[in-house]
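Working notes for the structure below.
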Amino acid sequence: MRYYHKLLRNNKISATCVSSVLIIMGCTLFIYTTVTDLREMTESRLKIGTELINNALKESHEALKQAESRLTSSCSENMPIMNGFVNLVPALQSFNIENNDNIVICSTNSKLLGLNLNLSSFKDSDFLLIKSDIITPGHPLVVLKRHIEGKTLFVTIAGSNIYSFLDVIKNIETFAIETKDLYLDNLGNLIPNDGRYPFTYTSDVYQFKLSTRITLQDYINYGLEEKSLLLILFILLAISNSILAYLKTRNPSSTHKMKKALKNNEFIPYVQPIMNAEGKLAGLEVLMRWIKPYGMIAPDLFIPAAEKSGLIIPMTEQLIENVAEQFNPIANKLPTSFHIGLNISAKHFDVSHQESLIKCCEKFKNTSTGQHCELLIEITERELITDYKQTNHTISSLQAMGAKLAIDDFGTGHSTLDYIKNLSIDTIKIDKSYVDLIETGAITAQLVDNIIDLSQRLNVSVIAEGVESALQAQYLSERGVDYLQGYYFSKPMPIDDFINQYLK
Ligand code: G
Ligand code: G
Ligand code: MN
């Protein structure tokens, strides 16, 4: 039973682990794809935006280049040409010429004449963002410059002509046209370049970059809009894993449910082979399983409740009948002196149930199976037997019909010696926890030798439980243990499988 508590706990822990891993994987994938996808998308929008702005500037730039070759040193000669371009290219606001001292000496906008627009502070750039209250108060401008022989030609373009493109590509907070010192954002704000927009794409034609930033809110919005399905999928997987684990491990044992299950024959016998010291099949232990559509329920989830409610009595008796029924057709194939171990609750030895137990065993004895095997009644040491006299009386009756008595989980209870003293036992089943100690180097390992020694002195046979390795099997056989049971040989299995595997 103890193994089951451990197993159950492990089940819960592993289910929690699987669910946590699923959630962590889901979140990681969600975050990863959200971040990479939004960044990729932003990058491609920056590229598209840059192309749009390049194209929008191209006409004005062309005008500037064409004018260059036609201009003379006379402003009055140049004016018609400049005016021509301003009229021809809708984006152009003004066409201007500065002298060496950065004074506007010729302009299609007379307000600019004689002014120093301070464009020289942007010496190394032909693409400028400026705020000019003279041309269009309150609105930023884009300036394209060209230097020729001691003069500077420049055109101004309304900022709105340019930043209106940013709205086309806008998907996140803000895009901005970036020069060395300034940002022009999609709302027409001209603000200092303080590095606030770290994602950039550099124009390969003009000296600006298109920039943006992605805020946490942008990531969240994008993730929820585009990637929520992924997250939901993983959350659903985690939830269904938890539900399945819950269904498998929850305490299913309301008396009502068990009564129904008993009626439906849902408690079925699994059997685990028991070998003799030579490794030949010598017997088996019957282990009850509750089969549900979603899987199997471990005995320690329902046997304690079954014992409490008294249902363990009909459940055990039905189990014994099932075992007989299934083995009957091949009973003659059972090896000689084959024993079938049954776990019998202490409750079954109560005055009110002992008759029923004896009858049930008698009935079993009269089946074909019963005639070809020996019953081994296993009483666990951890259950309290109070009335030894009464119990011994029942046991004597059972032994009279050829059954044997085994103390199960030997060495784990509080009354090990009491049982030996007071019950007429035939077999000791050494608990797995002792077998586990073999070859571990633990000082307590010699307890195994002591139990074997004790059983030999008492002249009872010994079954070692929970044998998981060849080393343990060899150790135990060398010391005279009669029978071995454990995963090393086989796990518990349905009777059909047992028959196919061992009796055909
Ligand atoms: O093999 P398994 O893990 O099922 O056994 C777990 C424990 O459940 C056993 O050690 C045993 O104490 C208990 N158990 C299994 N089958 C029965 C049964 O038919 N009757 C009783 N009383 N206990 C059982
Ligand atoms: O009735 P009893 O407590 O002896 O039942 C034995 C229990 O030990 C069952 O739960 C059975 O499934 C389990 N068991 C049998 N062999 C092994 C084994 O080799 N390793 C482990 N861990 N459990 C085993
Ligand atoms: Mn047992």
Side-chain angles (χ1 to χ4, degrees), residues 1-11 249 253 258 261-262 266-275 283-291 296-323 339-350 353 357 360-361 364 375-383 385 404-413 425 427-438 462-473 476 483-495 498:
M1 202 94 95
R2 234 171 13 162
Y3 310 142
Y4 258 104
H5 284 295
K6 225 191 220 162
L7 208 78
L8 181 67
R9 216 176 41 234
N10 288 346
N11 267 347
T249 55
S253 39
M258 281 196 292
L262 186 66
E266 288 174 17
F267 299 106
I268 66 139
Y270 263 45
V271 295
Q272 185 177 30
I274 295 175
M275 307 301 182
L284 57 79
E285 176 175 1
V286 178
L287 294 153
M288 197 186 294
R289 297 289 182 265
W290 185 352
I291 305 295
M296 212 159 59
I297 304 174
D300 75 333
L301 286 173
F302 61 88
I303 285 186
E307 283 171 342
K308 219 172 170 184
S309 66
L311 272 175
I312 191 69
I313 308 296
M315 278 159 65
T316 305
E317 294 178 4
Q318 191 188 62
L319 194 75
I320 297 173
E321 279 175 28
N322 281 343
V323 170
H339 69 259
I340 290 188
L342 294 169
N343 293 288
I344 303 293
S345 293
K347 187 143 196 154
H348 230 137
F349 291 93
D350 284 356
H353 302 302
L357 178 63
C360 176
C361 291
F364 179 82
L375 260 192
L376 185 67
I377 305 291
E378 300 187 11
I379 309 180
T380 176
E381 215 185 65
R382 263 169 286 122
E383 276 187 85
I385 287 182
K404 295 273 159 69
L405 176 70
I407 300 300
D408 205 358
D409 312 315
F410 188 85
T412 59
I425 58 174
T427 299
I428 279 174
K429 291 191 81 171
I430 305 178
D431 191 67
K432 179 181 187 303
S433 54
Y434 291 97
V435 173
D436 286 344
L437 296 173
I438 294 171
V462 188
I463 302 176
E465 284 187 309
V467 179
E468 292 185 343
S469 70
L471 205 107
Q472 292 170 344
L476 292 160
Y483 303 106
L484 306 170
Q485 174 185 1
Y487 293 173
Y488 173 61
F489 302 101
S490 169
K491 288 193 170 181
M493 62 182 93
I495 292 180
F498 179 86

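First listed ligand is number 1; within each ligand, the first listed atom is number 1.
Close approach of ligand 1 to Leu319 is summarised as follows: ligand atoms under 4.0 Å from at least one heavy atom of the residue are 19 (O). Applying the 4.0 Å criterion to heavy atoms of Arg289 picks out, from ligand 1, the atoms 1 (O), 2 (P), 3 (O), 4 (O). Which parts of ligand 2 touch Gln272 is read off a 4.0 Å heavy-atom cut-off, strictly below it: atoms 15 (C), 16 (N). Numbered from 1 in the order shown, with element, the atoms of ligand 1 that lie under 4.0 Å from a heavy atom of Ser345 read 22 (N).
Contacts of Met315 with ligand 1, taken as heavy-atom pairs under 4.0 Å, are absent altogether. Residue-level proximity to ligand 1 for Leu342 is absent, since no heavy atom of it falls below 4.0 angstrom.
Nearest-heavy-atom check against atom 22 (N) of ligand 2 across Lys429, Lys432, Gln472 picks out Lys432. For atom 17 (C) of ligand 1, the nearest non-hydrogen atom from the set Asp408, Ile303, Leu287 belongs to Ile303.
Asp409 and Thr380 share a donor-acceptor pair across their side chains, judged by distance under 3.5 Å alone.
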Could you walk me through whether Tyr270 and Phe498 satisfy the ring-ring contact (aromatic ring centres under 6.0 Å, His included) test, starting with their C-alpha distance in whole Å, then the side-chain angles of each, then the deciding distance to 0.1 Å, before giving a yes or no? CA-CA 9 Å; Tyr270 263 45; Phe498 179 86; over 10 Å; no
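Taking any N or O of Gln485, backbone or side chain, none lies under 3.5 Å from an N or O belonging to ligand 2.
A 4.5 Å side-chain heavy-atom check between Glu285 and Gln485 finds at least one atom pair inside the cut-off.
Within the coordination shell of the Mn ion (ligand 3), defined by N, O or S atoms under 2.8 Å, Glu378 is present. Within the coordination shell of the Mn ion (ligand 3), defined by N, O or S atoms under 2.8 Å, Asp408 is present.
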